[in-house]
Amino acid sequence: SLGGPIIPDRLFFFGAYEHSEVTFAQDDGPSGGGFPNERAFLTVAQFNEISDVLKNVYGRDTLGIVQDRKSVTDRYFGRLDFYITDNHRLEATYQRTEENQIKADDFSGANITGADNFQNSGSTADYASVRLYSNWSDIFSTELRYSRSEITDIQGPVGGGEAQDGNPLPRFVIGTQNGSSQGLFISGPGFSRGANDLYTTIDQYKFKGTLDGGAHKIMFGAEMNTVNFDNLFVQNATGTLYFANIDALRNGRINTGTSTSVTTAAQVIAGATPGQGTIGAEGSFTRDGNINSARAKFDRTLYSAYIQDVWQASDRLELTGGVRVDWYDGGHPQLNPNFVERYGFSNITGFSNLDPVVLPRFAFNYDMGDFAFFGRARLKGGVGIFSGGDPGVWFGNAFQNNGYGFASGNTTDAPCVNTAANPIVVVQNGKFTGLPTCFQTAAQNRAGAGLGDTQSIDPNIEIPTVIRANLGFEAQLGTGGGFFG
């Protein structure tokens, strides 16, 4: 860190930088890899065999066995303080935080993955603010503030291949077994990492005035907080292929079963028997084939106004009373007539449908002085209505899942034909031919008709509030003399 004057007595600066790295041990892995917790259903030799097939036949790299995971953080901070006059001060700050930690994704007790399936988890955040503090007289002062935050959420697979990338990679699930121990080897983006982007921009404006009239100290102000969301979240957006075993993977024979709700190791391995076990492939796709069509871009604005009076009612009693009003404005999701027909109400409830929230508060502070063996005793308490949290997440699901953004499909859907007598094979002449297009077409047709997952907000939604009350007593033991003194 470094700080000092730029212009003596007028302009000062301060800057700081911090870097940290932490390495976490990977305690779980394939048998024979020297891990504290080895999984019997997959040996290191089998891991390498599957990796070789994926590289030579499917043109992809599992990036090897994970031995450790890193967490890296960089923080930057800068500040300027400008004393314009004795009564006016300008403060400007800038912060940047870059955080990333390697975490397991599909890796679990019954699944082993290569490093390609692990995820980069973190964020990059830029924050800047400007504040102007002004004393206009002995009794009146103001604060003006503007701040902006730009946050990029990081949740991408280490091996890349998300649907919005230049080279999307399907997810592969392969059954493995040693003796009675069964498990799955998974390669590619994690189930929830097929298309996962979130960019948030927050602009906040604030005015606060303070009028100190002796017995009354009145504070009042107004705020406006605007958030712009750009959210892409589609699970299984690059598609998943299921193979009963390593030989099936090598030959491109996906499963021909019909199970869509259970994808355990036992069900995947059962696919070695024609017509049994899991489906062969599934995925979620947009109506036009462009995953960015599923992005939810929306904004909401929170307006607030408040006033508070701190009244010194007597030399012993201080009373505080105030009220705050919050109200929202913003967009709403796209109307889906299928949803209206199915449930009898609309899916387009938006931020503007929220009623304003009135939040009154009252408090007192009574100086009881010294009595008995208590010194400087005070009795204080308060009651008020409070609200908090941002409804953006609730509404985000409704914006993202409007039935038209994307839909799911699998190899049991028409026009797919994937039976024991006529199976789908995804390898020809030793090379991967790509995801079967039939179930992608089924998903695209559903999305185009508005038959994808549709979520909604209750038309009668209200911002949660809570009434809180407190009563307290504080004092020193003893009044300066005697035993307790």
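Values reported hereafter were calculated over all heavy atoms of this structure, with side chains retained and with hydrogens, waters and symmetry mates removed. Quick caveat, the model's predicted, so the values are computed rather than measured.
Residues F172 and F243 bring their aromatic ring centres within 6.0 Å. Taking the six-membered ring for Trp, F47 and F185 have ring centres closer than 6.0 Å. In this structure, Y76 has its ring center no closer than 6.0 Å to that of Y94.
A heavy-atom distance below 4.5 Å is not found between the side chains of Y303 and D326. Residues V325 and V357 form no side-chain contact, since every pair of their non-hydrogen atoms from C-beta on lies 4.5 Å or further apart. Side-chain contact between V44 and I65: present, with at least one pair of heavy atoms (C-beta onward) separated by less than 4.5 Å. Looking at I202 and N225, their side chains come closer than 4.5 Å, going by heavy atoms from C-beta outward. Side-chain contact between D288 and Q444 is absent, with no heavy atoms from C-beta onward closer than 4.5 Å. Two residues are said to be in side-chain contact when any heavy atoms from C-beta on lie closer than 4.5 Å; F118 and Q26 meet this criterion. Here the side chains of N290 and S293 are in contact, with some heavy-atom distance below 4.5 Å. Side chains of T256 and N422 form no contact here, defined as non-hydrogen atoms less than 4.5 Å apart.
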Stepwise side chain to side chain contact (heavy atoms under 4.5 Å, CB included) check, Y199 with F229: CA-CA 6 Å; Y199 305 96; F229 298 92; over 6 Å; no
Test side chain to side chain donor-acceptor pair (under 3.5 Å) applied to N336 and N338, step by step: CA-CA 5 Å; N336 189 323; N338 299 309; 3.3 Å; yes
Go through the steps to decide whether R131 and E143 satisfy the test side chain to side chain contact (heavy atoms under 4.5 Å, CB included), and finish with yes or no. CA-CA 7 Å; R131 298 184 184 186; E143 175 188 343; 4.0 Å; yes
Stepwise salt bridge (Lys or Arg N to Asp or Glu O under 4.0 Å) check, R89 with E91: CA-CA 7 Å; R89 178 170 67 90; E91 172 192 298; 3.4 Å; yes
Could you check E150 against T201 for side chain to side chain donor-acceptor pair (under 3.5 Å), going step by step and ending with a plain yes or no? CA-CA 5 Å; E150 297 179 354; T201 303; 5.2 Å; no
Mind running side chain to side chain donor-acceptor pair (under 3.5 Å) on N196 and Q164 for me, showing each step along the way? CA-CA 9 Å; N196 197 326; Q164 70 272 25; over 6 Å; no
Go through the steps for R295 and D230 under the test salt bridge (Lys or Arg N to Asp or Glu O under 4.0 Å), then give the verdict. CA-CA 7 Å; R295 284 187 180 275; D230 181 350; 3.1 Å; yes
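Aromatic ring pairs are classed by plane angle as parallel below 30°, tilted from 30° to 60° and perpendicular above 60°; the pair Y205 and Y146 is tilted. Note on ring orientation: taking the six-membered ring where Trp is involved, the planes of F351 and F399 are parallel (angle under 30°, cut-offs 30° and 60°). Note: F345 and Y343 have tilted aromatic rings, judged against thresholds of 30 and 60 degrees for the angle between ring planes.
There is a side-chain donor-acceptor pair under 3.5 Å between D453 and Q455. A side-chain N or O of E282 and one of Y242 form a donor-acceptor pair less than 3.5 Å apart. With 3.5 Å as the limit, one finds a donor-acceptor pair spanning the side chains of T226 and T301. With no hydrogens or angles considered, no side-chain donor-acceptor pair links T349 and N353 at under 3.5 Å. Of the N and O atoms on the side chains of E98 and T124, not one donor lies less than 3.5 Å from an acceptor on the other residue. Side-chain polar atoms of N347 and T454 form no donor-acceptor pair below 3.5 angstrom. A donor-acceptor pair shorter than 3.5 Å cannot be found between the side chains of N410 and T260. Between the side chains of Q95 and D126, not a single donor N or O lies within less than 3.5 Å of an accepting N or O. Side-chain contact annotation: N117 with D106, donor-acceptor N/O pair under 3.5 Å present. A donor and an acceptor atom, one from each side chain of T62 and S187, are nowhere located under 3.5 Å apart. Side chain to side chain, R324 and S304 meet the donor-acceptor criterion of an N or O pair below 3.5 Å. A donor-acceptor pair shorter than 3.5 Å can be found between the side chains of S408 and S284. Under the 3.5 Å distance criterion, with hydrogens and angles disregarded, no donor-acceptor pair is assigned to the side chains of D247 and N245. The closest side-chain donor-acceptor pair between N255 and Q276, if any, does not fall under 3.5 angstrom. For the residue pair N111 / S108, a side-chain donor-acceptor distance below 3.5 Å is found, with atom types taken as modelled.
At least one donor-acceptor pair closer than 3.5 Å links the side chain of Q46 to the backbone N or O of T43. Using a distance-only test at 3.5 Å, with no hydrogens or angles considered, no donor-acceptor pair links the side chain of E21 to the main chain of T23. At distances below 3.5 Å, not a single donor-acceptor pair connects side-chain atoms of T240 with backbone N or O atoms of A281.
Heavy-atom contacts from other residues, nucleotides or ligands closer than 6.0 Å to CZ of R468 number 12 or fewer. In E341, the CD atom is not crowded: 12 or fewer heavy atoms of neighbouring residues, nucleotides or ligands sit closer than 6.0 Å.
When all heavy atoms are compared, the tightest approach of P391 to G389 is CD-O, 4.0 Å. Nearest heavy atom pair, residue G448 against residue R287, reads N-CB, 3.6 Å. Shortest non-hydrogen contact noted between S456 and F339 is OG-CZ, 3.2 Å. Here the closest non-hydrogen pair linking L184 and T176 is N-OG1, 4.0 Å. Smallest separation of non-hydrogen atoms from Q400 and N231: OE1-O, 3.0 Å. Scanning both residues, F439 and G283, for their nearest heavy atoms gives CE1-N, 3.6 Å.
Comment: R300 engages D390 in a salt bridge, judged by a side-chain N to carboxylate O separation of less than 4.0 angstrom.
The structure places OH of Y17 at 16.0 Å from CG of L2, a figure rounded to the nearest 0.5 Å. To the nearest 0.5 Å, the span separating OG on S181 from CG on L42 amounts to 9.5 Å. Note that the NZ atom of K297 and the CG atom of L232 stand 10.0 Å from one another [nearest 0.5 Å]. In this structure, CD on E162 lies 12.5 Å from CG on N167, to the nearest 0.5 angstrom. In this structure, the separation between CD on E38 and OG on S31 is 5.0 Å, given to the nearest 0.5 Å.
Residue D105 forms a salt bridge (Lys or Arg N to Asp or Glu O under 4.0 Å) with just one option from R171, R193, R69, and that option is R193.
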